[in-house]
Amino acid sequence: MWYVVLMLVALPLVPSCRISEFSCRNGRCVRPDAYCDGNNDCGDDSDEPRQCTVCNRTYYGEVGKTYLLSLAKPREERLPFLCHITFTANGHMHGQLVQLIFDAFHIGRFEPSALDGCPDGHMQLSELGRPFTGGSWCGLAKGFAVYYSETSTVTITLRVYHSAAPFDFKLRPLKFIRRRATSLVSGDVCRLLLVAEQPSKRTDVSDRISFEHVAIGEPLKGDLYQPPSPLLTTTGQPNSQDGTIDASLSNLNQTGMELRAWSECTGERDHLIFYDGDSTNDPVLVKYCGGDWLPRVVSRGPHMLVAFHSSPFSVPLHSESSPSPLRGFELDVDILFSDSNSLDYSRNSRKCEFWVNASHPDTEDAKGRSRGRSGDILSPRHTLPPNTTCTYRFVGQPTDHVWLYFASYSHQPLLGNSSHNCSTRLRIWDGGGSQHIADHCGSPRLCDHSSLNNATRLTRPCTAHESYITRTSQLTVQHHSDEGTALHPATFRIRYEFVDTRYVGEPWPGRKGEDPPPQPCSRVFKRSKSGHIRPPKDIFLYGRGGAKNMSCLFRIEAGQNERIKLTIYNASFGENTDCTTETDLHTGRSVCQRIRQDENGDDDSDVGATSELHVFEVPWRDVKVSRGCFCDNSSLSPSGGQPITFVSASRVFEIAFTIARFNITEDYHDVYFNARFETVRGPDCPRKQRMRGSGGEIELVSPPKAKADKYCDGLPWLVEAHENKSLFLLTWGHIMTNITKDDPLACTTKNRVLLYTGKPIRLMKVVCPAPPQDRKFAVHVFSEEWTKGEAGSGMMLQPPRPPSFLLEFIGREAGSAALSWLEISRTKSSLMQLAADYGEPAEPSNDTLDWECPHRCPELNACISSSLWCDGRSNCPSGFDEAETQCGGVGRRLLARLPAYAMLGGVATGVAACCVLAGVLVASRLRLQQKRRRRRLGKDRNTGPHRVPTEEMLLDPSSSTTSS
């Protein structure tokens with residue numbers, strides 16, 4: 001045994017080369033492509049023998065290595081030239097398939113009119129065990145042709161017939177690869193099915209399928225082989241969402257090749273067809289046959305079939321300007337997830353139709369907006385096949401209108417040779433298709449600035465010229481694509497909203513001559529027993545719909561012997577609240593106090609309008625009295641305490657809801673109020689509390705005791721003067737100024753007398769009442785034009801309307817108040833004084849001013865009606881009209897008027913006149929005695945306005961004016 005071992009050690013070691021190597025004579029092993037490459041790789045020139053050639057040899061290689069093989073132009077003496085080069089993948093580390101890339105190829109010329117198209121020579125490919133399908137390559141290839149074998153052995157056969165034929169042949173790189181799929185012969189079809197599955201748990205998936213060394217380009221006669229990809233199974237999201245496949249070509253060398261698709265993909269071109277499903281019966285999304293890139297293609301569902309059609313007359317090419325060889329393309333595959341109920345996903349493969357219904361308002365988002373009442377619609381995320389129309393049908397409630405605008409719209413055809421200019425068309429109908437309102441081949445009306453809205457930036461609302469508004473409750477949008485959206489992508493974002501146009505009550509026509517006219521939100525409730533009152537939800541009345549301000553009036557009218565009970569539950573005035581709700585110390589009512597700051601930072605409560613909810617009582621058609629005002633969000637917030645209730649003293653309530661300076665994002669969720677009314681039984685006020693006449697007296701009592709006082713409790717008094725007259729009012733107490741909570745002793749009673757003037761009325765004086773007839777507490781109030789010189793003179797400007805006083809008694813505890821009023825006019829002396837004050841001539845030119853009125857109150861320097869003179873009641877504050885010096889000569893005045901009556905009839909008339917005179921004298925004396933007696937007893941009281949007949953009323957018909 002030892003001898004055998006020694007003999008083995010003594011034997012020389014001769015290295016052996018692998019089948020994928022070339023064995024040199026000196027024992028070295030070199031790469032197989034080193035043979036006859038022009039370099040002495042072995043060192044002994046054994047790899048470069050004389051007249052060597054790469055032809056008629058079989059080459060082996062190893063996986064992971066690349067090889068270069070080139071062939072020089074054959075010499076003329078060797079023509080016609082025939083060369084066979086065989087490549088064999090020997091399995092395992094030597095691979096199972098062969099990959100060839102033709103780095104340079106130029107064999108003769110290609111002549112379509114020739115018998116086989118290649119008169120100068122050609123190249124053919126054949127594989128062991130596969131039938132020969134024919135086809136030859138010739139001419140000049142401007143790019144890089146890629147070939148995959150289907151079997152382990154492939155043979156290249158080169159033929160050259162003429163010496164003048166151009167010749168350039170180089171393979172780089174040459175690879176031996178492992179089997180990953182079966183190959184494809186020319187003219188065959190390879191189909192790749194992409195599937196997006198739904199696993200039990202959510203995973204984010206993005207995969208890339210690499211089709212190595214496959215390119216698509218200009219035609220050149222020859223063979224093209226491409227291995228199919230295995231079945232791709234991807235994962236998706238839970239069952240509530242469907243996965244769709246997003247495929248696009250990537251990793252292509254930029255050759256500058258123009259995109260070719262559809263009709264340009266003839267039989268001589270290789271092409272890809274993308275089907276929207278798992279079979280060729282499904283719609284075709286795009287047919288692609290050339291270019292540097294493939295547009296994005298998205299399937300409608302979880303399946304997409306990609307079919308690669310190989311043509312025997314096609315060879316991939318590459319631009320000569322490209323600095324690097326084409327390595328093929330990669331198909332990027334992403335899984336997109338879309339809710340199957342969303343408006344950007346068509347559930348029907350043959351019909352692209354979406355229905356948008358106004359949902360029930362109980363489905364609301366975090367801000368309270370109904371999800372189905374408004375929303376966004378995106379263009380379909382999946383690719384649409386040619387000649388597809390996507391229809392969007394919006395169906396609202398019967399009282400709805402549809403508001404729609406495009407936040408964005410983009411249409412950029414990738415092919416410049418469209419069949420016609422209007423390959424993508426957008427149409428819009430009002431209703432179910434009855435009234436056509438828009439037809440666009442290009443961009444529709446855009447409200448593109450709305451897409452800039454974010455948390456820190458707000459844009460203005462979309463106007464009517466930037467949107468579409470229907471007159472009915474339905475709207476239809478159709479988006480049609482003749483050539484599909486793969487190569488003619490059209491994307492858009494639509495914002496829609498169902499506008500609720502319901503209004504409570506009946507339309508309020510407004511008052512005669514009202515300017516501006518009332519908005520549509522102003523409503524009236526006529527003799528309704530009960531009802532809810534709230535502002536409408538019409539978005540165009542709010543800031544988000546483009547409105548700057550809002551002014552809504554709600555009028556409630558009760559029937560005879562009815563009152564109105566109004567309850568306000570809550571209110572919100574938005575963000576621009578420049579007002580606070582305070583409690584008036586005189587009345588206990590809520591009032592609105594504006595808060596504004598000028599440039600110096602000082603408060604200015606008289607500038608600009610404010611947002612408020614104002615409750616008015618309307619005792620007469622042209623008179624409104626405030627019952628409460630609210631203007632901040634805390635005064636009537638949903639959680640701000642108990643509701644506020646009002647009960648009318650008349651038959652009419654009005655609610656004025658005014659919003660000033662809307663924020664552009666505000667709508668009926670930010671600005672609103674909620675109220676309810678009902679009518680209750682209550683007798684009407686039996687007396688006339690709107691008066692016009694020469695004078696009268698009013699007595700106010702708290703709490704009311706008489707039936708008339710109870711029925712009229714809370715109803716104000718209105719005193720009006722005749723044309724060219726003024727008013728004087730006498731009451732007892734003192735006028736309150738600047739009362740605050742820090743000065744509770746400013747008035748010893750909680751009762752108040754409020755004096756208003758003008759139309760619309762405004763508060764003029766607040767009187768703390770005192771016992772009547774106490775001269776030290778007498779309060780004299782003249783109508784405003786008296787001190788301004790605007791009444792009673794032809795020289796002065798006449799007032800726009802006769803002056804008036806509205807009197808309101810606030811009885812918050814037991815007590816009483818009394819007032820008397822006079823209709824007055826100016827004396828001659830006062831007119832002359834006014835003329836001097838206003839720079840007029842000293843002597844008035846009007847003849848009516850030449851006399852001094854005979855009945856006047858000297859302490860007022862004012863004329864009063866003759867009917868009040870000596871009527872048994874003191875009308876002048878000093879009682880001058882009832883003094884004995886003025887009333888003692890009544891008989892003489894009447895006697896002076898008798899001759900005129902005596903002329904009417906003889907003795908009988910004279911006797912009658914004497915009887916009348918005697919009766920008047922006796923009555924006058926009795927009235928004077930009764931008056932003095934009442935004054936002594938202190939019982940000269942009255943419970944309402946009244947007027948005592950005088951001799952002027954009996955004898956002078958022109959002075960017979962009565963109070964109303």
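In this chain, numbering begins with 1 at the start of the sequence shown. None of these values were measured; they are calculated from a predicted model.
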Is the closest side-chain heavy-atom distance between P74 and L79 below 4.5 Å?
yes
State, with a plain yes or no, whether a side-chain heavy atom of F102 is found less than 4.5 Å away from one of L171.
yes
So do the side chains of P166 and R109 get within less than 4.5 Å of each other, counting heavy atoms only?
no
Would you indicate whether the side-chain heavy atoms of H122 and V160 approach each other to under 4.5 Å?
no
Between V306 and F274, is any pair of side-chain heavy atoms under 4.5 Å apart?
yes
Residues T424 and H411: side-chain donor-acceptor under 3.5 angstrom:
yes
Taking CD in E77 as the centre, count heavy atoms belonging to other residues, nucleotides or ligands within less than 6.0 Å. Is the count above 12?
yes
Quick one, D282 and H303 - any side-chain contact, counting heavy atoms below 4.5 Å?
no
Under 3.5 Å, is there a donor-acceptor pair between the N90 and H92 side chains?
no
Counting distance only, does the side-chain N/O of Y67 pair as donor-acceptor with the main-chain N or O of E62 below 3.5 Å?
yes
Does atom NZ (K170) have a neighbourhood of more than 12 heavy atoms from anything else shown, all under 6.0 Å?
no
Is there side-chain contact between P32 and Y60, with heavy atoms separated by less than 4.5 Å?
no
Between D45 and N40, is there a donor-acceptor pair closer than 3.5 Å when you use the side chain of the first and the backbone of the second?
no
Would you indicate whether C29 and C24 have their SG atoms under 2.5 Å apart?
no
Do E127 and T151 have a side chain donor and acceptor closer than 3.5 Å?
yes
Ring geometry between F105 and F169 (parallel below 30°, tilted from 30 to 60°, perpendicular above 60°)
perpendicular
Do D276 and T383 have side chains that approach each other closer than 4.5 Å (heavy atoms only, starting at C-beta)?
no
